[in-house]
Q: 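Sharing a structure, written as structure tokens. Questions coming.
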Amino acid sequence: MNHGKNVIHNAQDLSGKGLKRKMGFFVSACGWRVLRYFATPMRWSEFFIPTLREAPADAEIASHRLLLRAGLARKLSGGLYTYLPLGLRSLKKIEAIIREEMNSAGALEVFMPALQPTELWKRGPRFNAAKKVMFKAISSSDKNLNDTELVLGPTHEEVITDLVANHLNSYRHLPKNFYQIQTKFRDEIRPRFGLMRAKEFIMKDAYSFDADDAAASVSYRKMFAAYQRIFSRIGLQAKIVEADTGVMGGSFSHEFSVPCNIGESEIVFTDDGSYAGAIEKAVSRPHPRKAQAAPSDAPEKWPTPGVRTIENLTKKHGVAACDQVKTLVYIADSKPVLLLLRGDHTLCEDKVAALGFEEYRPATDAEIFDAMGAHPGSLGAVGVCKPKVAGIYADQDLKDEKGLVTGANEDGFHLKNVDMGRDIVPDRYLSLRLVQEGELSLPNEADPVGGKPLKIQRAIEVGHVFKLGTKYSQAFGATYLTQEGKSEPVVMGCYGIGVSRTLQAVIEQNCDEQGIRWPFAVAPFAVVITLLDTSLTPHALSLKESLEKSGLDVLLDDRDERPGVKFKDADLIGFPVRVTVGEKSWAAGGVEVKLRTEKTARTLPVSEALQVICGWAKAS
RNA sequence: CGGAGCGUAGCUCAGUUUGGUAGAGCACUUGCUUUGGGAGCAAGACGUCGCAGGUUCAAAUCCUGUCGCUCCGACCA
């Protein structure tokens, strides 16, 4: 790419007045004196903003296209992006908000290595689960690779717990919460949507260490509240949903999710907010069954030749799906198990994890016939026995149901009058099914009555808080001595925010046909001054200075471009406020000010314009 | 990793079926004109057509292999 013009300007700037004038120190909210990050040239002509009229063909969703078109980032290769100056400003603003809230919640910032010894992971409790996504990093100068193999860290529970095991030894040292903002590496099989799912991404991760479960709950609630403040300050509408703990392990978890139709997960919620859950966790009241159970003495076998599906049984024999039992065979830790669901319900595979298997998968037809003596479509749990089948697990909505129909374990036959508890005795009842849109919520703490209709929406997860328990502390020997001198494992929590993903989620949630509509808090610049006549440059500069004195960051569009180009670029990048300084409005007594979110501008004298803009910024 | 598709200028794409020595629009450079919503004219610069083999007098085009990327699925902040 030839950016000769910009390069020359930057070179002049370095050698001359520009940078020196803008360097300075400011006192950040955490009280440190920090080299002023925003010591960048604030003239467009000196900046580097390669906007694109057309988006690269591989950008599919709005935020990804805008990320590229507005000159915020560029792709190096699949899932790897360079942040350009403009995008980096927004990213740093998001990080600053996170830092402030984490610090004020009492967390301590650390910075852990991205390179981690494989040996550390092998000592931990989830090496096998994690290695799917890990990048290997091998020192090429080392001949004995086995001993020195390194990985690029996909996350840092192992590192921090190892640290803590060595240093938090007494109840007097607790509680503690450490966090960092670090690059994580995950070998995503399919990176997509720009920063939404990348191989390398920036994450804020925090880890809390407490003496007992009650104290850990306090830490959890602190982080939960900090997250609410963070997303609210960033300007992101994040829905909070009960979540599954997945491979992290642990007991309790919430996701902060941004609804958007390209989301990778689904969330279930009621309109009144009384219930919200991730799809792999959500529960509901099922639609009532059609048939009422008639008392019966025993299951009755009847021929159903050629019937292989639930739908078929409904059509040919008039048995409603909800009156049937769906019998699924899975191979869990190498043994066949039965999963039972109501005929009109769908299995949620993630929920099978609650049974504690290390791995599980649907059985093949051959495995099914071997275990059951019949083919799929004629399966049932009546009369099956161990050890052929290692376990029978039924969805909780089948509990106490009577008068059901299920396969007879003989091709071409079904059983009716089947009662749960009498004819089928599962090892355990639990929630196994997927919630369906329109079902009603169950009673819960927020709503003791329940019965609200449930909606389902795709969402992108930007934050996740876990109460981990002692899984990692036990693995790494992170114990402390109680007041009584007893050794106990510390109780952990972990808390993540996808920082780079959050940046793009803000764009996804704040854009229109013209471009981005940045919230003030994370806009790369709060104000753009669109200068249309060079004769007015001194006035534009003094306006810029006044705005900066009020604490706003301002970019002066001093490019030698036609007005249309400047307006289009301003809308595309999406500065919250645009001030137009041109002869037309100057003759009318002032400048034009306009919010990106509003259609029309208003012409005001400079002093009034200042007030209006500051008012907008304050109100945001 | 399974299925599908695409690699030609910085970006969007044509040219590939039927082999004949590289194109358009935008962007870039220079000049003139223009100047309140992505200007006009003129001149210019930019490509070993993803890479490696093969077929042929001749390959962007046909064949083989390979690499990269994108889309749909299983996984994740």
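These figures come from a predicted structure and were not determined experimentally. Hydrogens, waters and symmetry mates are skipped; everything else that's a heavy atom, side chains included, is used. The chains referred to below are lettered A, B, ... by the order of the sequence lines, with proteins before strands, and numbering in each begins at 1.
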Q: With rounding to the closest Å, how many angstrom separate the P atoms on B:rU48 and B:rG23?
A: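 Result for the P pair: 15 Å, nearest Å.
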Q: Give me the distance, rounded to whole Å, that separates B:rC57 from B:rU64 when you measure between the C1' atoms they each carry.
A: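 About 23 Å, rounded to a whole number of Å.
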Q: Check the distance between B:rG38's P and A:L572's CG and give it to me in whole angstrom.
A: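 Answer to the nearest Å: 14 Å.
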Q: Tell me whether A:D205 is salt-bridged to A:K184, with the criterion being a basic N under 4.0 Å from an acidic carboxylate O.
A: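 Salt bridge: yes.
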Q: Looking only at the side chain of A:D350 (C-beta and beyond, no hydrogens), which of the listed nucleotides B:rC75, B:rG38, B:rG36 gets closest?
A: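 Within the option list, the nearest is B:rC75.
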Q: In whole angstrom, give me the gap between the C1' atoms of B:rC63 and B:rA59.
A: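 Each nucleotide's C1' atom is 11 Å from the other's.
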Q: Under a 3.5 Å cut-off for both contacts, is B:rC1 paired Watson-Crick or G-U wobble with anything, and if yes, with which nucleotide?
A: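 Paired with B:rG73.
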Q: Taking the six-membered ring of A:F185 as reference, does the NZ or CZ atom of A:K199 fall below 6.0 Å from its centre and within a 45° cone about the axis?
A: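 Cation-pi check for A:K199 and A:F185: fails.
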Q: Out of B:rC11, B:rU35, B:rG38, which nucleotide sits closest to the side chain of A:E54?
A: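 From the listed options, B:rC11 comes nearest.
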Q: Mind checking who B:rC6 pairs with, Watson-Crick or G-U wobble, both distances under 3.5 Å?
A: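 In the structure as shown, B:rC6 has B:rG68 as its Watson-Crick or wobble partner.
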Q: Could you tell me whether the side-chain ring of A:F567 sits stacked on the base of B:rG38, using a centroid cut-off under 5.5 Å and a plane angle under 30°?
A: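 Per 5.5 Å and 30° rule: no stacking.
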Q: Taking the ring centre of each residue, are A:Y330 and A:Y393 less than 6.0 Å apart?
A: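 Ring centroids of A:Y330 and A:Y393 are no less than 6.0 Å from each other.
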Q: What is the distance, rounded to the nearest whole Å, between atom CG of A:L76 and atom C1' of B:rG68?
A: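 One finds 12 Å between C1' of B:rG68 and CG of A:L76, rounded.
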Q: Please report the distance separating the C1' of B:rC49 from the corresponding atom of B:rG68, rounded so that it comes out in whole Å.
A: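 Each nucleotide's C1' atom is 16 Å from the other's.
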Q: In whole Å, what is the span from the CZ atom of A:F185 to the C1' atom of B:rC75?
A: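 Distance check: A:F185 CZ to B:rC75 C1' gives 19 Å.
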Q: What is the distance from CZ of A:R186 to C1' of B:rA74, rounded to the nearest Å?
A: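 The answer, rounded to whole Å, is 17 Å.
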Q: Using a strict threshold of under 4.0 Å (side-chain N to carboxylate O), is an ion pair present between A:K281 and A:D350?
A: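 The answer is no: the pair does not qualify as a salt bridge.
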Q: Expressed as a whole number of Å, how far does the P atom of B:rU8 sit from that of B:rG73?
A: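 Roughly 26 Å separates the two P atoms.
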Q: Taking atom CD1 of A:I460 and atom OG of A:S265, what is their separation to the nearest 0.5 Å?
A: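 Rounded to the nearest 0.5 Å, the CD1-OG separation comes out at 7.0 Å.
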Q: Strictly under 3.5 Å: I want the nitrogen or oxygen pairs between protein and nucleotides 41-47 of chain B, one per line.
A:
none

Q: Tell me the partner of B:rU12, counting only Watson-Crick (N1-N3 plus N6-O4 or O6-N4) or G-U wobble (N1-O2 and O6-N3) with both under 3.5 Å; none if nothing fits.
A: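 B:rU12 is paired with B:rA24.
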Q: One pair to check against ring pair (Phe, Tyr, Trp, His ring centres under 6.0 Å): A:Y220 and A:F252. What are the steps and the verdict?
A: CA-CA 9 Å; A:Y220 185 90; A:F252 201 57; 5.4 Å; yes
Q: Report yes if a side-chain nitrogen or oxygen of A:K75 is closer than 4.0 Å to either non-bridging phosphate oxygen (OP1 or OP2) of B:rU70; otherwise report no.
A: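 The answer is yes; a side-chain N or O of A:K75 sits under 4.0 Å from OP1 or OP2.
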Q: Whether the side chain of A:E592 and the base of B:rG36 hold a donor-acceptor pair under 3.5 Å is what I'd like checked.
A: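 Looking at the base of B:rG36, it does pair with a donor or acceptor on the side chain of A:E592 (distance under 3.5 Å).
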Q: Using both distances under 3.5 Å as the test, list the Watson-Crick or G-U wobble partner of B:rC49, or none.
A: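 Its partner: none found.
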Q: For A:R559 and A:D569, which heavy atoms make the closest approach, and how far apart are they?
A: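 Heavy-atom minimum between the residues: NH1-OD2, 3.0 Å.
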Q: Quick one: label A:G78 by what it contacts on the DNA or RNA (base, sugar-phosphate, nothing), any heavy atom closer than 4.0 Å.
A: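 Sugar-phosphate contact only - A:G78 comes under 4.0 Å of backbone atoms but never of a base.
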Q: Take atom CD of A:E200 and atom P of B:rC76, then tell me their distance rounded to the nearest Å.
A: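 Distance, rounded to whole Å: 21 Å.
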Q: When the distance from CE of A:M196 to P of B:rC75 is rounded to whole Å, what number comes out?
A: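 In whole Å, B:rC75 P and A:M196 CE are 20 Å from each other.
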Q: Both distances under 3.5 Å, Watson-Crick or G-U wobble: report the partner of B:rG19, or none.
A: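 By the stated definition (distances under 3.5 Å), nothing pairs with B:rG19.
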Q: Does B:rA42 pair with anything, Watson-Crick or G-U wobble, both distances under 3.5 Å, and if so, with which nucleotide?
A: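 Paired with B:rA42, as far as the under-3.5 Å criterion goes, is B:rU30.
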Q: Rounded to the nearest angstrom, tell me the gap between atom CE in A:M134 and atom P in B:rC75.
A: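 Going from CE in A:M134 over to P in B:rC75 covers 19 Å.
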Q: Determine whether a donor-acceptor pair (one donor, one acceptor, N or O, separation below 3.5 Å) exists between the side chain of A:R53 and the base of B:rU12.
A: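 When only heavy-atom distances are counted, A:R53 does not reach the base of B:rU12 through any donor-acceptor pair under 3.5 Å.
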Q: In whole angstrom, what separates A:D533's CG from B:rU35's C1'?
A: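 For the pair A:D533 CG and B:rU35 C1', the rounded distance is 9 Å.
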Q: For nucleotides B:rA42 and B:rA27, find the distance between their P atoms and express it as a whole number of Å.
A: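 16 Å, rounded to whole Å.
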Q: Determine the interatomic distance between P on B:rG25 and the same-named atom on B:rG5; round to the nearest Å.
A: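 That atom pair is separated by 32 Å.
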Q: Would you indicate, yes or no, if B:rC72 has its OP1 or OP2 atom less than 4.0 angstrom from a side-chain nitrogen or oxygen of A:R192?
A: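 A:R192 to B:rC72 OP1/OP2: side-chain N or O found under 4.0 Å.
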Q: Using only heavy-atom distances, determine whether the side chains of A:S208 and A:Y495 contain a donor-acceptor pair under 3.5 Å.
A: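 Per modelled atom types, A:S208 and A:Y495 side chains form a pair under 3.5 Å.
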Q: Looking only at heavy atoms, what is the nearest atom pair of A:I573 and A:A70, with distance?
A: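 Scanning both residues, the minimum pair turns out to be CG1-O, 3.8 Å.
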Q: In whole angstrom, give me the gap between the P atoms of B:rU17 and B:rU61.
A: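 Here B:rU17 and B:rU61 have their P atoms 9 Å from each other.
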